[in-house]
Protein chains: 2
Amino acid sequence: MAEEKVGPRSRRERPAKAALSRAGIVATAVGLVQAEGLARVTMRRLAQELDTGAASLYVYVRNTDELHAAVLEELLGAVDLSPVTAKGDWRDRLERVLTSYAEVLFAYPGLAQSAMVARPSGEHYLKLIEALLALLDEGDVPKGQAGWGIDILLGFATASAAEHSAPDPRTKKTVAPGEEWAALANVIRNVSAESYPQLAAHGTDLLAGPGKARLAWGFRVLINGVLSTPLPEGEAK
Amino acid sequence: MAEEKVGPRSRRERPAKAALSRAGIVATAVGLVQAEGLARVTMRRLAQELDTGAASLYVYVRNTDELHAAVLEELLGAVDLSPVTAKGDWRDRLERVLTSYAEVLFAYPGLAQSAMVARPSGEHYLKLIEALLALLDEGDVPKGQAGWGIDILLGFATASAAEHSAPDPRTKKTVAPGEEWAALANVIRNVSAESYPQLAAHGTDLLAGPGKARLAWGFRVLINGVLSTPLPEGEAK
DNA sequence: ACCTGAACACCGTTCAAGT
DNA sequence: ACCTGAACACCGTTCAAGT
């Protein structure tokens, strides 16, 4: 009797090992960041998910940074740009787009931290910039100020998300999420009013958490500032 | 002839393996970040520098993050706080302190990136916050706005440094420093004016580098914004 | 108490060899 | 052209064992 052939179809645990492709790799990476956070999106872990070896991925992806940038660009598709064409005060609508951007970053552990560094250049990112510029233009913010302001607006949104989103569990962290925060709060509470009069007067209000209110206030600060601060001589356009 | 004894003093390559201490560990780490960048300040590399095993460091330092925070706190001692008591417009002096802070972060590869995440609570950090608060107070910025504003000011300075400082050469990078930037610039240059009218109009001015001018403008934007944007109802103090 | 070697469980990236 | 296993050069952290 001939042995039963053990063909490729006999193992059905995963969906029949599709051929590799950049799109498939990025899609799997996106699934992985949702399930385990960006820190787990490593070449080796991702290859394992794709039932191959890490080396195989280098045909489609230059390196880990590029992979992370691709994941970010993909997830940026979830930013709500509808306020651009909605009606109402341009400031409010600008705030809404920025808030949506921050929320997307906030939703995936480690994503905001990586957005601090990555500079995507995909369609979703371009559309986001285009949307912000359109709203600033609607508000008659001078072009030069708008252009320079984009960086500040996005940077603040990114940094806020990075600061308050789940820490990238790069390895199982020993330190509880808010331990550093607690340490600082404790120091401020017990600070000497003589050496640090300002700190003592403010107390832990200084660290009064993230909160929607604080993020929204930040956006307003930036919008007001960008609107009212002319570019230095010679740079104005 | 008796062989020459090879005692501990016969090897003078390093200064006679001092006893470990937290201060010594941090000092060595600071030296390492100066020489090789923060990415090289790993438990193993640092232990090697101290002529011991990585495990030994855990007596004095909780983990790698805490080590990096200690290095940051140490280097923050170089921030120039003298403008606080200098004379002149408070805005200019505030700008000078923030610029000095950004320059310190800028000077060490990887430091700014880590400052994005770390929350130090040492003396140098406290003095920096105290200085910023004192200057805002001098400018009669309402207390609540000043407190919330600190975060934005420091965050912007940190993010600017992170964005434009040497990339943390975590491992020998294959990607040239400005490669992602170049990719984005290229995309913007060739963007369709129909789909992206704003982007096409601005062109690569959007990415017009870091430059002192841009950082200074950013500080002015934030100061103006913080000064002129009241806290939301119920939060004002 | 402090220090250590060894172990465990990971990394990114390259390269020669196969199909 | 694409894919692979194996190798190289690293990581952080824990733990039992020593002093």
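The analysis underlying the following values was restricted to heavy atoms, covering all of them including side chains, and did not include hydrogens, waters or symmetry mates. Proteins come first, then strands; the chains are lettered A, B, ... in the order of their sequence lines, and each starts at number 1.
- The nearest whole Å value for the distance from the CZ atom in B:R62 to the C1' atom in D:dG12 is 15 Å.
- Atom-to-atom, CD of B:E36 to P of D:dC10 comes out at 11 Å; the value is rounded to the nearest Å.
- Atoms CZ (A:R40) and C1' (C:dG12) sit 16 Å apart, rounded to a whole Å.
- Remark: A:T158 OG1 to A:L153 CG distance equals 10.5 Å, nearest 0.5 Å.
- Atom OH in A:Y58 sits about 6 Å away from atom P in C:dG12, given to the nearest Å.
- C:dA9 sits 23 Å from D:dC10 when the P atoms are compared, rounded to a whole Å.
- When heavy atoms are screened at a 4.0 angstrom cut-off, B:T42 is found touching the sugar-phosphate backbone but no base atom.
- For A:M43, the side-chain atoms get nearest to C:dT13 when compared with the rest of D:dT13, C:dC3, C:dT13.
- Remark: C:dC2 base-pairs with D:dG18; criterion is Watson-Crick or G-U wobble with both hydrogen-bond distances under 3.5 Å.
- Partner assigned to D:dA9 is none, using Watson-Crick or G-U wobble distances below 3.5 angstrom.
- Annotation: A:F156 is not in aromatic contact with B:F156 [ring centroid separation under 6.0 Å not met].
- If you check D:dC11, C:dT13, D:dG5 against the side chain of A:A55, the one that comes closest is D:dG5.
- At a threshold of 4.0 Å, the pair B:R40-B:E36 counts as salt-bridged, since one of the basic side-chain nitrogens sits closer than that to a carboxylate oxygen.
- Judged by distance alone, the side chain of A:E73 and the main-chain N or O of A:Y125 form a donor-acceptor pair under 3.5 Å.
- With rounding to whole Å, B:E66 atom CD is found 14 Å from D:dG12 atom P.
- Between A:T64 and C:dT13 there is a side-chain polar atom (N or O) within less than 4.0 angstrom of OP1 or OP2.
- When distances run from any side-chain atom of A:L20 to the nucleotides D:dA6, D:dT13, D:dC3, the shortest one goes to D:dC3.
- Rounded to whole Å, the distance from CG on B:L50 to P on C:dC2 is 16 Å.
- For B:R44 and C:dC10, the CZ to C1' distance is 11 Å, given to the nearest whole Å.
- With rounding to whole Å, A:R22 atom CZ is found 17 Å from D:dC2 atom C1'.
- A distance of 6.0 Å separates CG of A:L184 from CD1 of B:I129, quoted to the nearest 0.5 Å.
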